[in-house]
Amino acid sequence: MGRLWGVDRVSMTVVVRFAPSPTGFLHIGGARTALFNWLYARHMGGKFLLRIEDTDRERSTQQAIDAIFQSLEWLGLTWDAEPVFQFARAPRHAEVAHQLVKEGKAYYCYCSAEELETMRQEAAAKGLPPRYNGFWRDRDPSLAPKGVKPVVRFRAPQSGTTVLDDCVQGRVEIPNEQLDDMILLRADGTPTYMLSVVVDDHDMGITHVIRGDDHLTNMFRQYHLYKACGWETPTFAHIPLIHGPDRAKLSKRHGALGAEQYQAMGFLPEAMLNYLMRLGWAHGDDEVISMKQATEWFDIHDVGRSPARFDMAKLTHLNALYLRQADPERLLKDIEPYLKQQATEEEWGVGRLRILKGMRGLQERAKTLVELREHALFYVKRPEFSADNADQAGTAVFRSEALMSLKELMNLIEKTPFIEPGSLEGTLRDFCRQTSKKLGAFLAPARLALTGATVSPSLFEVMILLGRTETLERLALYQDFLLSLTN
RNA sequence: GUUCCCAUCGUCUAGCGGUUAGGACAUCGCCCUUUCAAGGCGGCAACACGGGUUCGAGUCCCGUUGGGAACGCCA
């Protein structure tokens, strides 16, 4: 009785896993695979497990393991049991392989790397898929060359077809000639991926294998391995890969960055998750979807089969949206380390409070946390002026007008109490009306003076938060700067 | 080369035999506005091609083209 067509799915508790190999950071495709697994587990009230596939001792690093944990935690993709480290289970894998040999379902193969290479070339020359030709499959082991350590190969079916149902791909059929006798145990006795996955998925009680569709053909190999072991096959779901701008599988070449790098670029985890879940999956016209909502809606069967391309612009848009809605205190915490580092303790003392109060004005102008913290900097420390900065220095005409504006503005401020925001704004508007000046033009130099930039939150708000004294000081400072340029 | 998968605006997608082919991002206008954003309104923009099936096809079938993936003592 195969679970694939099982009778008992309703009462079955779903157990899924995310199984990255720690040979690098958690890249964006991996993050989405983890997300889909997580969502499906939560949706079904099942378990989401984590397995580190560290059997490649050469390439696995502790650093990568840490990065994967860190990224999953950042995204909030929490797992439900202690992670399984695959390498630690190698003895168990070997045990299974030897059992298969004993049962005649696997055999020793003594071919050298050169011989295999020749086989592949011969096969290719005949228009066949390059693979092992089963040289030792039925050969008498007594003919084995002396001193050669054999590998253990799986005795795969050589004819007929294998038909499997996949939650995403549907019914897929493959001729068994495509399946060669894969290696289960290397010459040094260590298990290969193909064996380890099957044994671990079985031992961990995995019910649904959700992974990238680059594993689709592995499903067929693994299926026969399950059968040979006499184990129930899990349900498979092969989700399409994320592609780069050139339509090829996303890789480092495309600047496929690790989740941690997106974090460093100032993306919010909720934006990342929202973006990722919409790659290959949709719920009608909904675009902004919370994890709570997604958990309710998500079904692995609704995932599409065509690959998606990664689009930074849309991610950025989503990020800006979540940034605008975020709680100011939380955002402050996010940007605090950077700001603190930029300022003295005193500056930070006053700046912190200004930013907290002015966060609303700040956050609706920033697309990322990096932008946010840069835009917030002027609340902490005075802008520095430089003659090289064309924006700040302006043309001669701008400078003479700016000096007049600054002077008038300082006069007005001296006369205006800063008690309530409206009073200052009212005074300035009245003044502009009476002198038929345009408020925007009138305020432009002040924006430079107070923030050092041509873009900032509402100047009325900025002035209130900076306070009368600081405002006047900054205006005077900029005035001096302009005068120094004029002379 | 062999096998498998895919194909709706530039991008992500909705569509599950009858739609003016919808939404979102991007882009371009206009409005709002102290700047910039945000927001509002609008524009541009897609069913790869060819055959069938059907009264009727983006939707079903076949083929073509194009793209992708897999073919390791990597995972």
Side-chain angles (χ1 to χ4, degrees), chain A residues 19-23 53-56 58-60 86 109 111-113 116-117 120 123-132 149-153 166 168-170 172-175 177-180 182-188 190-194 196-197 212-221 238 240-241 243 245-249 275 278-288 304-318 320-321 324 361 363-367 375 425 428-429 432 438-444 446-448 451 453-460:
Chain A
S21 54
T23 53
E53 309 219 313
D54 54 352
T55 52
D56 185 341
E58 300 284 300
R59 296 195 299 154
S60 298
Q86 193 161 59
C109 164
C111 287
S112 66
L116 292 174
E117 185 49 38
R120 279 191 270 274
K126 284 189 226 158
L128 297 169
R131 54 178 167 70
Y132 178 64
K149 291 209 168 193
V151 299
V152 173
R153 282 186 185 272
D166 185 286
V168 172
Q169 304 291 329
V172 190
E173 206 176 311
I174 188 183
E177 299 96 80
Q178 289 296 316
L179 277 24
D180 64 350
M182 60 191 173
I183 292 176
L184 264 21
L185 247 32
R186 301 186 183 98
D188 65 3
T190 60
T192 61
Y193 162 79
M194 218 53 92
S196 303
V197 187
D213 73 6
D214 48 342
H215 286 286
L216 187 67
T217 52
N218 291 336
M219 167 171 77
F220 294 93
R221 299 164 181 280
H238 288 92
L241 265 16
H243 284 183
D246 64 353
R247 295 173 184 277
K249 182 178 169 179
Y275 176 70
R278 286 284 292 96
L279 256 32
W281 177 80
H283 183 271
D285 284 342
D286 294 300
E287 295 287 348
V288 181
R305 272 182 285 187
S306 58
R309 292 206 244 180
F310 188 80
D311 180 15
M312 191 65 115
K314 191 152 185 176
L315 204 213
T316 304
H317 171 261
L318 242 14
L321 193 143
R324 256 177 273 137
Q363 70 193 103
E364 63 185 10
R365 287 170 177 79
K367 293 190 187 305
H375 294 172
E425 180 167 355
L428 293 184
R429 283 189 190 281
C432 281
K438 293 193 99 175
L439 192 56
F442 179 62
L443 251 24
R447 169 160 283 113
L448 246 6
T451 71
T454 52
V455 177
S456 81
S458 158
L459 270 195
F460 301 119

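Letters A, B, ... are given to chains in the order of the sequence lines, protein chains preceding strands, and every chain is numbered from 1.
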Return the value, rounded to whole Å, for the distance between atom [atom1] of [X] and atom [atom2] of [N].
X: A:M182; N: B:C73; atom1: CE; atom2: P; result: 12 Å
X: A:R153; N: B:C73; atom1: CZ; atom2: P; result: 6 Å
X: A:E425; N: B:U35; atom1: CD; atom2: C1'; result: 14 Å
X: A:Q178; N: B:A70; atom1: CD; atom2: P; result: 14 Å
X: A:R309; N: B:U13; atom1: CZ; atom2: C1'; result: 14 Å
X: A:D166; N: B:A70; atom1: CG; atom2: P; result: 16 Å
X: A:K314; N: B:C25; atom1: NZ; atom2: C1'; result: 5 Å
X: A:D180; N: B:A70; atom1: CG; atom2: C1'; result: 12 Å

Working to the nearest 0.5 Å, report the span between [atom1] of [X] and [atom2] of [Y].
X: A:R324; Y: A:K367; atom1: CZ; atom2: NZ; answer: 7.5 Å
X: A:L279; Y: A:L315; atom1: CG; atom2: CG; answer: 9.0 Å
X: A:S21; Y: A:Q86; atom1: OG; atom2: CD; answer: 9.5 Å

Any-strand Watson-Crick or G-U partner of [N], both distances under 3.5 Å:
N: B:A38; result: none
N: B:U2; result: B:A70
N: B:C9; result: none
N: B:A48; result: B:U64
N: B:U20; result: none
N: B:U59; result: none

In whole angstrom, give me the gap between the [atom1] atoms of [N] and [M].
N: B:G15; M: B:A38; atom1: P; answer: 29 Å
N: B:G58; M: B:C9; atom1: C1'; answer: 13 Å
N: B:G1; M: B:A14; atom1: C1'; answer: 39 Å
N: B:C61; M: B:C44; atom1: C1'; answer: 36 Å
N: B:G10; M: B:G52; atom1: C1'; answer: 33 Å
N: B:A7; M: B:U64; atom1: C1'; answer: 13 Å

**Message:** Quick test of the criterion, 5.5 Å between centres and less than 30° between planes. Is A:H215 stacked on B:A75 or not?
**Reply:** yes
Using side-chain heavy atoms (C-beta onward) and a distance below 4.5 Å, is [X] in contact with [Y]?
X: A:R447; Y: A:L459; answer: yes
X: A:D311; Y: A:Y275; answer: yes
X: A:S196; Y: A:E53; answer: no

Touch class at under 4.0 angstrom, heavy-atom based, for [X] against every strand present:
X: A:Q169; answer: sugar-phosphate
X: A:N218; answer: base
X: A:V172; answer: sugar-phosphate
X: A:R278; answer: base
X: A:L459; answer: base
X: A:E177; answer: nothing
X: A:G304; answer: nothing
X: A:A187; answer: base

**Item:** For A:D180, all residues meeting side chain to side chain contact (heavy atoms under 4.5 Å, CB included), sequence neighbours excluded
**Value:**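 Result, side chain to side chain contact (heavy atoms under 4.5 Å, CB included) vs A:D180: A:R131, A:Y132, A:R221.
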To the side chain of [X], which of [options] is closest?
X: A:S458; options: B:C73, B:C71, B:U34; result: B:U34
X: A:D311; options: B:U11, B:U34, B:G1; result: B:U11
X: A:D214; options: B:A70, B:C6, B:U13; result: B:A70
X: A:P129; options: B:C73, B:G68, B:G1; result: B:G1
X: A:A308; options: B:C5, B:A14, B:C12; result: B:C12
X: A:T217; options: B:A70, B:U34, B:G23; result: B:A70
X: A:L443; options: B:U34, B:C5, B:A75; result: B:U34
X: A:P175; options: B:U13, B:C4, B:C6; result: B:C4

**Message:** side chain to side chain contact (heavy atoms under 4.5 Å, CB included) for A:Q169 and A:L216? Distances and angles first, verdict last.
**Reply:** CA-CA 9 Å; A:Q169 304 291 329; A:L216 187 67; 3.9 Å; yes
**N/O (side chain, A:R120) to phosphate O (OP1/OP2, B:G72) under 4.0 Å** = yes
**Asked** According to a strict under-4.0 Å criterion, is A:R131 in side-chain N/O contact with OP1 or OP2 of B:C71?
**Response** no
**Request:** Report the residue from A:D166, A:D214, A:N218, A:D213 that forms a side chain to side chain donor-acceptor pair (under 3.5 Å) with A:H238.
**Result:**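 Only one of A:D166, A:D214, A:N218, A:D213 forms a side chain to side chain donor-acceptor pair (under 3.5 Å) with A:H238, namely A:D166.
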**Prompt:** Within the side chain of A:T23, is there an N or O that forms a donor-acceptor pair under 3.5 Å with the backbone of A:R59?
**Reply:**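 Here the side-chain-to-backbone pair does not exist.
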**Message:** Has A:R278 got a side-chain atom pairing as donor or acceptor with A:E287's backbone, closer than 3.5 angstrom?
**Reply:** no
**Complete:** The residue, A:R221 or A:L216, whose nearest nucleotide of RNA chain B is more 5′ is A:L216
**Message:** Here's a test of your reading of the structure: between A:H283 and A:A19, which maps to the more 5' nucleotide of RNA chain B?
**Reply:** A:H283
**Message:** Is it the case that the base of B:U34 and the side chain of A:R447 share a donor-acceptor contact (distance under 3.5 Å, atom types as modelled)?
**Reply:** yes
Every protein N/O lying under 3.5 Å from an N/O of nucleotides 36-42 of chain B:
from  : atom 1 : to     : atom 2 : distance (Å)
B:C36 : O2     : A:R365 : NE     : 2.7
B:C36 : N3     : A:R365 : NE     : 3.1
B:C36 : N3     : A:R365 : NH2    : 3.1
B:A37 : O2'    : A:E364 : O      : 2.9
B:A38 : O3'    : A:R324 : NH1    : 3.1

